[in-house]
There are 2 protein chains.
Amino acid sequence: MSTPGGNPRRADAMRNRQLALEAATALLAQPGTALTVEAIAKRAGLGSATVVRAFGGKDALLDTAISGLLEPVVQRAKTLLEKDSPEQALRTFLGELIAFQSAHHAISDQLGGLDLPATATLEAELVRSVDEMIAAARANGTIRTDLAPAVTTTLISQATYAIARSQPASQELADAFLTVLMDGLRPPTPG
Amino acid sequence: MSTPGGNPRRADAMRNRQLALEAATALLAQPGTALTVEAIAKRAGLGSATVVRAFGGKDALLDTAISGLLEPVVQRAKTLLEKDSPEQALRTFLGELIAFQSAHHAISDQLGGLDLPATATLEAELVRSVDEMIAAARANGTIRTDLAPAVTTTLISQATYAIARSQPASQELADAFLTVLMDGLRPPTPG
DNA sequence: CGATAACTGAAACACGCGTTCCAGTTAGAG
DNA sequence: CTCTAACTGGAACGCGTGTTTCAGTTATCG
């Protein structure tokens, strides 16, 4: 009996598990190709059964691959929060988040309809970091306070997601979005 | 031989065609239920074959249903463009567009991976109207001109789409989005 | 009324995809 | 080297969904 979703006992199986993970990660960054188990297996040079068995299912494999990509982004958010001013941290982080999602927007296509617990946890952490940036910037007086904080968070999350999804993903568009968003978030000048 | 995708010859068939169209339209406004041919047929009280035959395929049926819903929105954009100031037209229209997409966000879920020529045409018209609003507002001095017009259009389209998709779809969120977007689009005050 | 062509819809089919089976292969301990 | 349990992967399966078939029904013309 193998351990479903856990680490295999034999060295070759562990190597294959790694190959499957790398193949899935590579395909996440290469949109246009269907993200099927068959495609992942072919890219890894393995049979589809082997790929699935190593993780206990397609969902678990993608959860591992996506959360592995997302992890450094979450860490980066925490770092920025400590080192920069809230407003600067927010802008820098959103720019990086857009770049990340653009480079892997196959991820966004998978988030709906799949069960990805580790990814969901990281996303929650990410939202929390953004919340902290917003709260600090509000206290700072650098962004407007006439909107509910929760609304601001949702606004930023959704807009970021949308811009990253748009085709073609250009740096110009990302910059324009950030400019408009940050200007729109500034406290309104009375009159 | 029936006419695939065209109008049936017999009165009962025309009535069934109408029933299928109404069922599909109703399901587009009621998310959470899978938009399958079977579901549409059941709602219409018909067999699945009848539903498909009346339009020549699921895509054609949805294309007819969606473009039927989109048509008045497109007309509304043209009306606003003539009657209101560019800035006001833009804000009003975007608000209505968000409301429309929120009420039918099953539509957005179908736009990818389906062949919907009539819908695509209407979408293009819609984008063109937004382009005109933007151009007029730029000429007017009411929105910033330091961004490429095409970038502004994409920005607005994508952001609108995202907000409409967000759950839960609240009026507060839509209003906040419009406020931030329109403020961010205003010409930046020097200094 | 017939007569007939249009129409219906349950069932069969086609197809893609995730999962599981199982006969064969292989790593790795003794 | 030998032996066994772990592992492999092509094939079979299950499931969901769009499409097609075809025997039966019905609108509609004359």
Side-chain angles (χ1 to χ4, degrees), chain A residues 1-24 27-28 32-66 106 109-116, chain B residues 1-24 27-28 32-66 106 109-116:
Chain A
M1 180 181 76
S2 64
T3 48
N7 287 322
R9 285 144 172 64
R10 255 165 53 176
D12 58 340
M14 288 183 64
R15 190 165 52 245
N16 285 342
R17 189 186 143 102
Q18 190 61 27
L19 284 174
L21 185 56
E22 284 167 8
L27 286 184
L28 280 173
T33 66
L35 205 56
T36 63
V37 171
E38 211 70 47
I40 297 170
K42 186 174 182 180
R43 173 152 192 135
L46 302 171
S48 59
T50 304
V51 169
V52 168
R53 215 181 357 247
F55 289 86
K58 186 196 182 187
D59 286 16
L61 167 55
L62 288 182
D63 195 26
T64 306
I66 294 177
D109 300 337
Q110 302 299 325
L111 293 187
L114 253 55
D115 188 38
L116 309 173
Chain B
M1 182 181 78
S2 65
T3 49
N7 286 321
R9 287 147 172 60
R10 253 164 56 175
D12 57 343
M14 288 183 63
R15 189 166 52 245
N16 285 341
R17 189 187 144 101
Q18 189 61 26
L19 283 174
L21 185 56
E22 285 167 9
L27 286 185
L28 279 173
T33 66
L35 205 57
T36 62
V37 171
E38 211 71 47
I40 297 171
K42 186 174 181 181
R43 172 151 193 137
L46 302 171
S48 60
T50 304
V51 168
V52 168
R53 215 180 357 244
F55 289 86
K58 185 196 183 188
D59 286 14
L61 167 56
L62 288 183
D63 195 27
T64 306
I66 294 176
D109 300 336
Q110 301 300 324
L111 293 187
L114 254 56
D115 188 39
L116 310 173

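The analysis underlying the following values was restricted to heavy atoms, covering all of them including side chains, and did not include hydrogens, waters or symmetry mates. Chain letters run A, B, ... following the sequence lines, proteins first and then strands; every chain starts at 1. Model, not experiment: these values are computed from the prediction.
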Work out how much the helix from C/dC1-D/dG30 to C/dG30-D/dC1 bends between its end axes, five pairs an end, to the nearest 10 degrees.
0°
Check whether any side-chain heavy atom of A/Thr64 lies under 4.5 Å from a side-chain heavy atom of A/Leu21, and answer yes or no.
yes
Between A/Thr50 (side chain) and A/Leu46 (backbone), is there a donor-acceptor pair under 3.5 Å?
no
Given atom CD of A/Glu38 and atom C1' of C/dT20, what is their separation to the nearest angstrom?
14 Å
Please check: side-chain N/O of A/Lys58 versus main-chain N/O of A/Val51, any donor-acceptor pairing under 3.5 Å?
no
Rounded to the nearest 0.5 angstrom, the CG-CD distance for A/Asp63 and A/Gln110 is 12.0 Å
Verify, without hydrogens or angle tests, whether B/Asp59 (side chain) and B/Leu114 (backbone) share a donor-acceptor contact under 3.5 angstrom.
no
From the set C/dC7, D/dG10, D/dG18, return the single nucleotide nearest to any side-chain atom of B/Ala13.
C/dC7
Quick check for you: among C/dT19, D/dG10, C/dG9, whose closest atom lies nearest to any side-chain atom of A/Ala49?
D/dG10
More than 12 non-hydrogen atoms from neighbouring residues, nucleotides or ligands closer than 6.0 Å to CD on A/Glu22, yes or no?
yes
Starting at atom NZ of B/Lys42, determine the distance to atom C1' of D/dG16, rounded to an integer number of angstrom.
16 Å
Could you tell me whether the phosphate oxygens of D/dT17, OP1 or OP2, come under 4.0 Å of any side-chain nitrogen or oxygen in B/Thr36?
no
Closest approach to the side chain of A/Ser48, judged atom by atom: which nucleotide of D/dA11, D/dC7, C/dT8 is it?
D/dA11
Interatomic distance, A/Leu35 atom CG to A/Ile40 atom CD1 [nearest 0.5 angstrom]
4.5 Å
Both A/Val52 and B/Leu46 contact DNA chain C. Which one's nearest nucleotide lies toward the 5' end?
B/Leu46
Residue-phosphate contact under 4.0 Å: B/Asn16 side-chain N/O, C/dC7 OP1/OP2:
no
Candidate nucleotides C/dG9, C/dC21, C/dT19, ranked by approach to the side chain of A/Arg53 - the nearest
C/dC21
Give each protein N/O atom lying under 3.5 Å from an N/O atom of nucleotides 25-30 of chain D, with the pair distance.
residue : atom : partner : partner atom : Å
D/dT26  : O2   : B/Arg10 : NH1          : 3.2
D/dA27  : O4'  : B/Arg10 : NE           : 3.4
D/dA27  : O4'  : B/Arg10 : NH2          : 3.3
D/dT28  : OP1  : B/Ala11 : N            : 2.9

